[in-house]
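What follows is a set of notes on a single structure, which appears directly below.
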Amino acid sequence: MAFGKIAFEAIEENRDRLWQLARRIWENPEGPNREYNACKWSAEMLSAAGFDVEIGVGGLATAIKASYGNGSPVIAFLGEYDALEGLSQKNVPWQEPVTEGGWGHGCGHNLLGVGHIGAVIGLAREMKAGGLPGTIIYYGCPAEEVLTGKVFMARAGAFEGVDMSIHWHPGSSNSVGTGGNIGLNNFKLHFKGRTAHAGGDPHSGRSALDAVELTNVGIQYLREHVTSDVRMHYIITDGGLAPNIVPDKASAWYFVRAETRERIESVYERLLNIARGAALMTETEMSVEFLGGCYPTLNNKVLVDAVHAALTEAPQDEWSAEDIAFAKEIATLAGPQLAETQKRMELGSDDYIYKGVRPIQTDVGHGSTDVGDIGHLMPTVMFSTACSALGSPGHSWQISACAGGSIGEKGMIYAARVMALFGLKALTDPAILADAKAEFDKTMAEKPPYVCPIPDDVLPPVY
């Protein structure tokens, strides 16, 4: 019998149920830490498949730990299911929200969580048939879009005893690499001043909005004096009530990103100094609301090689004429971004959706994910499969549109096969874990020890 055949058959047998779950989550998008339906429905499917299911892991109401098997090795599959605000979208190749301004799966997390469920269901069938020792655990991880779910879970010890982990994310190609993503601090600054009538009594006011704006001007000057990997983003969340009222309250929300935690903390402190200066200049008070932080990702090369082999060996569904037409209509809206993507991936100008497997990638992406913290606790690997049209921007209606249809379904099922095959290799070849652990230990010996970036006094949100 071909290696992985039992797992592939189990995934195909459950394909309709997996897609119904992914589509149901897509139709009912929920924000970070509010994924009550996605959590419930995912737990029900895992329980029906024979997994021992626990909800509320790490103090997070919508976190899942679902285990199957006994003994070593222990392999974690890191699922997610939260949506993004403002990305409501129908399954059509033009922008048309289901609900104007509503939530939507513009990062494909409806596929992400379910793809991991398909993988562990297939792998459990293979383990049962072959009497294989080992433990596989599906972790349903909330709030990835605010980069805190896995960090809170790690702080609470939810991943203790796990030997390695794998994470799949929907993407625009089928690839795995050693480059990864950068880390982040996520926080808000609040300023408190004194209100006054802006026309009749402005000298009595102390504008909190002035403090926010001076902080943001200071950030622009700071950009020249940081390393090229640093990213600083912000939005003003509260700028006052009316132009003729001096705002006594104002707030802004910030992300600081960089390739190392040390650099993140350094830039974060410099930014806070700018805010302190702005408060001094405006005679206002400044306070910090720290929302979370995460580490850069750390893709394990041994596991990268194993996943790349699984990507090349696992069967891919063919794209239908309808899939290609759908992708073409979306891709052509991308303009120059489509051509840049096609060139980077060495594709033709008439390619609108990826097929095949890319060589192992080495470039560093400048997004962030809380998978980075898990990679500093154990050997970890991340990969992607094509689930959207080429040229689709990250966090976009284009991704949401594809995640609700055939393109997303086929990419998800392929990913489930890849993860099941990877898991089977790890369960049957002890050298994979041994070599991965040796690499991990060597890498971590050259780094400062892991320290949870979320302080103990910052508690998981309760809704």
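None of these values were measured; they are calculated from a predicted model.
Checked by atom type, the side-chain pair His190/Ser287 shows no donor-acceptor distance below 3.5 Å. Side-chain contact check for Asp210 and Thr282: no donor-acceptor pair (N or O, by modelled atom type) lies under 3.5 Å. If you check the side chains of Thr178 and Thr362, you find no donor sitting under 3.5 Å from an acceptor. At a cut-off of 3.5 Å, with distance as the only test, a side-chain donor of Arg257 or Ser368 sits close to an acceptor on the other residue. Under 3.5 Å, the side chains of Gln398 and Ser392 contain no donor-acceptor pair of N or O atoms. A donor and an acceptor atom, one from each side chain of Tyr354 and Asn174, are nowhere located under 3.5 Å apart. The closest side-chain donor-acceptor pair between Gln342 and Ser349, if any, does not fall under 3.5 angstrom. Side-chain polar atoms of Trp168 and Ser384 form no donor-acceptor pair below 3.5 angstrom.
Less than 6.0 angstrom separates the ring centroid of Phe187 from the ring centroid of Tyr268.
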| Intermediate values then yes/no, side chain to side chain contact (heavy atoms under 4.5 Å, CB included), Met378 and Asp163 | CA-CA 6 Å; Met378 68 190 72; Asp163 294 313; over 6 Å; no
| said: Please evaluate residues Tyr254 and Tyr234 with respect to the criterion ring-ring contact (aromatic ring centres under 6.0 Å, His included), reporting the C-alpha separation (whole Å), side-chain torsions for both, the decisive distance (0.1 Å), and the verdict. | reply: CA-CA 4 Å; Tyr254 300 84; Tyr234 60 82; 5.8 Å; yes
| query | So Leu87 and Leu84, side chain to side chain contact (heavy atoms under 4.5 Å, CB included) or not? Walk me through it. | reply | CA-CA 6 Å; Leu87 290 179; Leu84 288 158; 3.7 Å; yes
| Does the salt bridge (charged side-chain N to carboxylate O under 4.0 Å, His left out) test come out yes or no for Glu54 and Lys65, once each step is laid out? | CA-CA 5 Å; Glu54 177 186 353; Lys65 180 180 180 181; 5.4 Å; no
| request: Show your working on ring-ring contact (aromatic ring centres under 6.0 Å, His included) between Tyr352 and Phe326 and close with a plain yes or no. | output: CA-CA 9 Å; Tyr352 303 105; Phe326 191 96; over 10 Å; no
| message | side chain to side chain contact (heavy atoms under 4.5 Å, CB included), that's the test. Do Met444 and Lys447 meet it? Break it down for me. | response | CA-CA 5 Å; Met444 292 305 297; Lys447 293 177 175 289; 4.1 Å; yes
| side-chain hydrogen bond (donor to acceptor under 3.5 Å, both in side chains) between Thr380 and Ser165: does it pass, once the steps are laid out? | CA-CA 5 Å; Thr380 298; Ser165 68; 2.8 Å; yes
| task | Dump the intermediate steps for salt bridge (charged side-chain N to carboxylate O under 4.0 Å, His left out) on Glu340 and Arg344, then the final yes or no. | result | CA-CA 6 Å; Glu340 291 169 8; Arg344 185 177 72 253; over 6 Å; no
| Candidate pair Ile64 and Val57, rule side chain to side chain contact (heavy atoms under 4.5 Å, CB included), full reasoning | CA-CA 6 Å; Ile64 300 171; Val57 180; 5.9 Å; no
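Note on residues 148-158: pairs passing salt bridge (Lys or Arg N to Asp or Glu O under 4.0 Å), not counting sequence neighbours, are Glu80-Lys150, Lys150-Asp370. For the salt bridge (Lys or Arg N to Asp or Glu O under 4.0 Å) condition, the pairs that include at least one residue of residues 215-244, sequence neighbours left out, are Asp229-Arg263.
Using cut-offs of 30° and 60° on the angle between ring planes, the pair Tyr295 and His376 is tilted. Using a 30° and 60° split on the angle between ring planes, Phe159 and Tyr139 fall in the tilted class, from 30° to 60°.
Nearest heavy atom pair, residue Ser173 against residue Arg358, reads OG-CD, 3.3 Å. Of all non-hydrogen atoms in Ala66 and Leu46, the two that sit nearest each other are CB-CD1, 3.8 Å. The minimum heavy-atom distance linking Ser406 with Asp323 is given by the pair OG-OD1, 2.9 Å. Nearest heavy atoms, Gly104 versus Ala83: O-CB, 3.4 Å. For Pro93 against Leu333, the heavy-atom pair with the smallest separation is O-CD1, 4.1 Å. Scanning all heavy atoms of the two residues, the minimum distance from Tyr81 to Ser42 falls at CD2-OG, 4.2 Å.
Annotation: side-chain hydrogen bond (donor to acceptor under 3.5 Å, both in side chains) contacts of Asn28 (sequence neighbours excluded): none.
Using a 4.0 Å cut-off between a side-chain N of Lys or Arg and a carboxylate O of Asp or Glu, Arg276 and Glu269 qualify as a salt bridge. Checked for salt-bridge contact, Lys192 and Asp248 miss the test: no charged N lies under 4.0 Å from a carboxylate O. For Arg23 and Glu27, the salt-bridge test passes: some basic side-chain N is under 4.0 Å from an acidic carboxylate O.
Using a 4.5 Å heavy-atom cutoff, the side chains of Pro202 and His197 are not in contact. Counting heavy atoms from C-beta outward, Thr369 and Met382 have side chains that approach closer than 4.5 Å. The side-chain heavy atoms of Ile166 and Phe383, taken from C-beta on, include a pair separated by under 4.5 Å. Proximity of Leu78 to Val371: side-chain heavy atoms (C-beta onward) are separated by under 4.5 Å at one or more points. When side chains are defined from C-beta on, Val226 counts as touching Leu222, because their heavy atoms get closer than 4.5 Å. For the pair Lys90/Pro97, no side-chain contact is recorded, criterion being any heavy-atom separation below 4.5 Å from C-beta on. The shortest side-chain heavy-atom distance between Val256 and His233 does not fall under the 4.5 Å cut-off. No side-chain heavy atom of Val381 sits under 4.5 Å from any side-chain heavy atom of His167.
Rounding to the nearest 0.5 Å places NE2 of His116 at 12.0 Å from CD1 of Ile136. Atom CE in Met286 sits 11.0 Å away from atom CG in Leu280 (nearest 0.5 Å). Here the CD-NE2 distance, from Glu85 to His395, works out to 13.5 Å after rounding to the nearest 0.5 Å. Considering CD of Glu30 and SG of Cys39, their distance stands at 9.0 Å, rounded to 0.5 Å. Atom CD1 of residue Ile137 and atom OG of residue Ser67 lie 4.0 Å apart, to the nearest 0.5 angstrom. We find the CD1-OH distance between Ile117 and Tyr138 to be 4.0 Å, quoted to the nearest 0.5 Å.
Heavy-atom neighbours of Ile236 CD1 from other residues, nucleotides or ligands within 6.0 Å: above the threshold of 12. Open room surrounds NZ on Lys437; 12 or fewer heavy atoms of other groups in view lie less than 6.0 Å from it. The number of heavy-atom neighbours closer than 6.0 Å to CD of Glu100, taken from other residues, nucleotides and ligands shown, is 12 or below.
Ser400 places no side-chain N or O within 3.5 Å of a backbone atom of Trp397 that could act as its donor or acceptor partner. Remark: the backbone N or O of Ala401 is paired with a side-chain donor or acceptor of Asn91 at under 3.5 angstrom.
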